[in-house]
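Since the structure comes first, as C-alpha cells, the remarks are kept for the end.
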Amino acid sequence: MFASSKLLVPLAVAAGVLAASPAEQVASLKSAPTQNDRIKILDQDSDFVFNFFNATPAKGAGGSSFSATVSNFPVLVNNGLAMTIGFLEPCGMNTPHTHPRATEMLYVVNGTLTTGMIAENGARFVFNQIETGSAQVFLQGSIHYQQNELCDPVMFVAALNSEDPGVESIAQRYFGLPPDVVAASLGDVGVENVAWIESQIPDNFALGRQECLDRCGIKREGQLSNQRQPRVSGNALPNQMASMTSMSTWPASSTKVYGSAGASSTSTHNSRDPSQQTANVLGALADDSDAATGAGGISNTVLIALCAVVGVMGLGYVVIGAVYIAGRRKQSRANRFYVRPEMAGRARVPTDEKYDS
C-alpha cells in the first residue's frame, strides 16, 4: 500500500503538468528565476514547436491570419518575439491597426502588397508597394495597413519584437468611444450618423478598395461586423440609453442626422437605399412644418413652396419676352423689302434697250 502511494505521487504531478493550461504554464515560466528552470518546465521537445495551422485564426471576408504569441505559445516568455502568418484574399485588406507594444517586420511571400503607415502626429504618410521577397518595417504604435491589389491570394509573414504585441483595430476602437465624443471630433456630424457608421464597420480582414473589387469582379458582400467595441453606460449608443439607467441624456442637438444637402432630421440613421433617403427627407419636411405650426410661424416647407411659385412665374415672364422679341425681329425683316405701289413692275436697275436698236 505504501509503495503504491509513493508511485501515485509522481504520476499525479506529471498529470498536473500535462493538464496545466497555457495560462498556468506562462505563469510558471514568468516566475522561474533562470532559463534552465524554464527549460525544465518546458520538458517536452514539442514545446518549442508551433504549428500555425493548428492555431485559431483571425478571419474576415478579405483573408485570415494565424499568430504565435505568449498566449498560445508559452516558450515565448521572456524572449521578446511573436510571429503571424497571414493570407489576403483577392482585394483583401488588413485594415488599419496598431501594435501598441511591438515593431513589426512584414515579409511578402508571393504577390504584391500596398502598404501605408502614419507613425504619429506630424509624421508624413509612408506608402509602399512590397513585392515578393521584400519586407517592410512598421514602427511600434504606428497606424498601418496592408492591401492585396491582385486578383489572386497573397501570403505574408510578420515578425514582432514582443511576445505580447497586441492589436488595436482603429475603426472599431475609435467608433467604440462615446458617440457624442466621436460626433464632436468629426465636426458635430450627429450621434445617429456615428451609430450608423459604427454598425457598418466590417471585421478584419475586410474587402478593400472598390477599384480593385470592380477590376476583379468581386462584390462587397458577406462581411461580418462582430469586432465592434462592447457597449457600457459610458459609451452607449442612443438606442441603448433606455436600458442603461446610469447613462446621461444626450443633448438634443447631438442626435441630428445630416443629409447630402446639410438638412437635419431625427431619423434613426442614414441609409444607402434611395427610398429610405426620400422618406427621411419627407419626414424632415413634415417635422419642420409641425414645429413651425406649433410655434405660430411659417415653416421652411411653405417658404420653399413660395419660392418655387415665384420661380415659375419668373420663368413665364422670360418666355413671354422671348416670344415678343422673336415677333419683332420677323416684322423688321418683312419691312426691309417694302416696295411702293407706283414702283411696282418697274425694273430697279436701268436697262440699255434704247442703245440696242
Side-chain angles (χ1 to χ4, degrees), residues 1-60 63-88 94 97-110 117 119 130 133-142 144 146 154-169 172-173 203-205 226-227 230:
M1 180 70 178
F2 180 73
S4 61
S5 63
K6 289 176 63 178
L7 181 61
L8 289 174
V9 172
L11 290 176
V13 173
V17 172
L18 292 175
S21 67
E24 293 171 337
Q25 198 172 26
V26 167
S28 298
L29 291 168
K30 287 185 175 180
S31 63
T34 67
Q35 185 73 291
N36 282 339
D37 292 323
R38 287 189 284 273
I39 293 174
K40 289 177 183 178
I41 296 172
L42 301 168
D43 58 351
Q44 301 295 316
D45 293 349
S46 59
D47 289 337
F48 294 83
V49 178
F50 186 83
N51 188 329
F52 283 90
F53 299 116
N54 285 341
T56 301
K59 298 180 66 176
S64 60
S65 67
F66 303 81
S67 296
T69 67
V70 71
S71 65
N72 59 358
F73 196 26
V75 71
L76 296 177
V77 170
N78 286 355
N79 285 307
L81 177 68
M83 182 170 284
T84 295
I85 292 178
F87 300 88
L88 285 176
N94 189 5
H97 62 280
T98 70
H99 301 293
R101 293 177 293 278
T103 296
E104 173 185 0
M105 187 169 184
L106 184 143
Y107 173 82
V108 178
V109 177
N110 71 289
M117 176 183 71
I130 313 176
S134 300
Q136 179 176 341
V137 169
F138 299 98
L139 303 177
Q140 179 175 342
S142 66
H144 57 274
Q146 300 91 27
V154 171
M155 177 181 177
F156 66 84
V157 177
L160 303 106
N161 65 345
S162 170
E163 63 260 33
D164 182 26
V167 179
E168 186 172 22
S169 297
Q172 288 89 339
R173 304 295 78 79
D203 293 347
N204 193 40
F205 295 79
N226 296 326
Q227 296 174 356

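Predicted, not measured: the structure shown is a model, and the values here were computed from it.
Here Gln136 contributes atom CD and Ile130 contributes atom CD1; the two are 4.5 Å apart, rounded to the nearest 0.5 Å. In this structure, Asn36 CG and Ile41 CD1 are separated by 11.5 Å, a value rounded to the nearest 0.5 Å.
Within the 4.5 Å cutoff, no side-chain heavy atoms of His97 are placed close to those of Gln172. At a threshold of 4.5 Å between non-hydrogen side-chain atoms, the residues Leu29 and Pro74 count as touching. Residues Leu160 and His99 have side chains in contact (heavy-atom distance under 4.5 Å, counting atoms from C-beta outward). Here the side chains of Arg173 and Thr98 are not in contact, with every heavy-atom distance at 4.5 Å or above. In this structure the side chain of Val137 reaches within 4.5 angstrom of the side chain of Leu139, judged on heavy atoms.
Put simply, the side chain of Asn161 never gets that close to the backbone of Ala102: no donor and acceptor are under 3.5 Å apart. At distances below 3.5 Å, not a single donor-acceptor pair connects side-chain atoms of Asp43 with backbone N or O atoms of Ile39. Panel note: side chain Gln227, backbone Asn204; a donor-acceptor pair is recorded below 3.5 Å.
With sequence neighbours excluded, no residue forms a side chain to side chain donor-acceptor pair (under 3.5 Å) with Ser31. Applying the salt bridge (charged side-chain N to carboxylate O under 4.0 Å, His left out) rule to Asp203 yields no partners; only residues at least two apart in sequence or on another chain are considered. Applying the ring pair (Phe, Tyr, Trp, His ring centres under 6.0 Å) test to Phe87 and every residue at least two apart in sequence or in another chain returns nothing. Scored by the ring pair (Phe, Tyr, Trp, His ring centres under 6.0 Å) test, Phe52 finds Phe50 as partners (sequence neighbours excluded). The side chain to side chain donor-acceptor pair (under 3.5 Å) test applied to Thr84 returns Ser67, not counting sequence neighbours. Residues forming a side chain to side chain contact (heavy atoms under 4.5 Å, CB included) with Asn54 (at least two apart in sequence, or on another chain): Asn51. Not a single side chain to side chain donor-acceptor pair (under 3.5 Å) links Ser64 to another residue, sequence neighbours left out. Looking at residues two or more places apart in sequence or on another chain, you find a side chain to side chain contact (heavy atoms under 4.5 Å, CB included) between Ala135 and Met105, Tyr107. Considering only residues two or more places apart in sequence or on other chains, Phe138 meets the ring pair (Phe, Tyr, Trp, His ring centres under 6.0 Å) condition with His144. Under the rule for a ring pair (Phe, Tyr, Trp, His ring centres under 6.0 Å), the partners of Phe53 that lie at least two apart in sequence or sit in another chain are Phe66.
Closest heavy-atom contact between Ser162 and Ala82: O-CB, 3.1 Å. Pairing each heavy atom of Val77 with each of Val26, the nearest pair is CG2-CG1, 3.9 Å. For the pair Asp37 and Ala32, the tightest heavy-atom approach, listed with the atom from each and the gap, is CB-CB, 3.8 Å. When every heavy atom of Glu104 is checked against every heavy atom of Leu106, the shortest pair comes out as OE2-CD1, 3.4 Å. Smallest separation of non-hydrogen atoms from Asp47 and Gln25: OD2-NE2, 4.3 Å. In terms of heavy-atom proximity, Pro22 sits nearest to Ser71 at CB-O, 3.8 Å.
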As a quick check of understanding, evaluate side-chain contact (heavy atoms from CB on, under 4.5 Å) for Phe48 and Leu42, giving each step before the final call.
CA-CA 8 Å; Phe48 294 83; Leu42 301 168; 4.1 Å; yes
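Among residue pairs with one or both ends in residues 68-80, none qualify as salt bridge (charged side-chain N to carboxylate O under 4.0 Å, His left out); sequence neighbours excluded. Among residue pairs with one or both ends in residues 156-165, those qualifying as salt bridge (charged side-chain N to carboxylate O under 4.0 Å, His left out) are Arg101-Asp164; sequence neighbours excluded.
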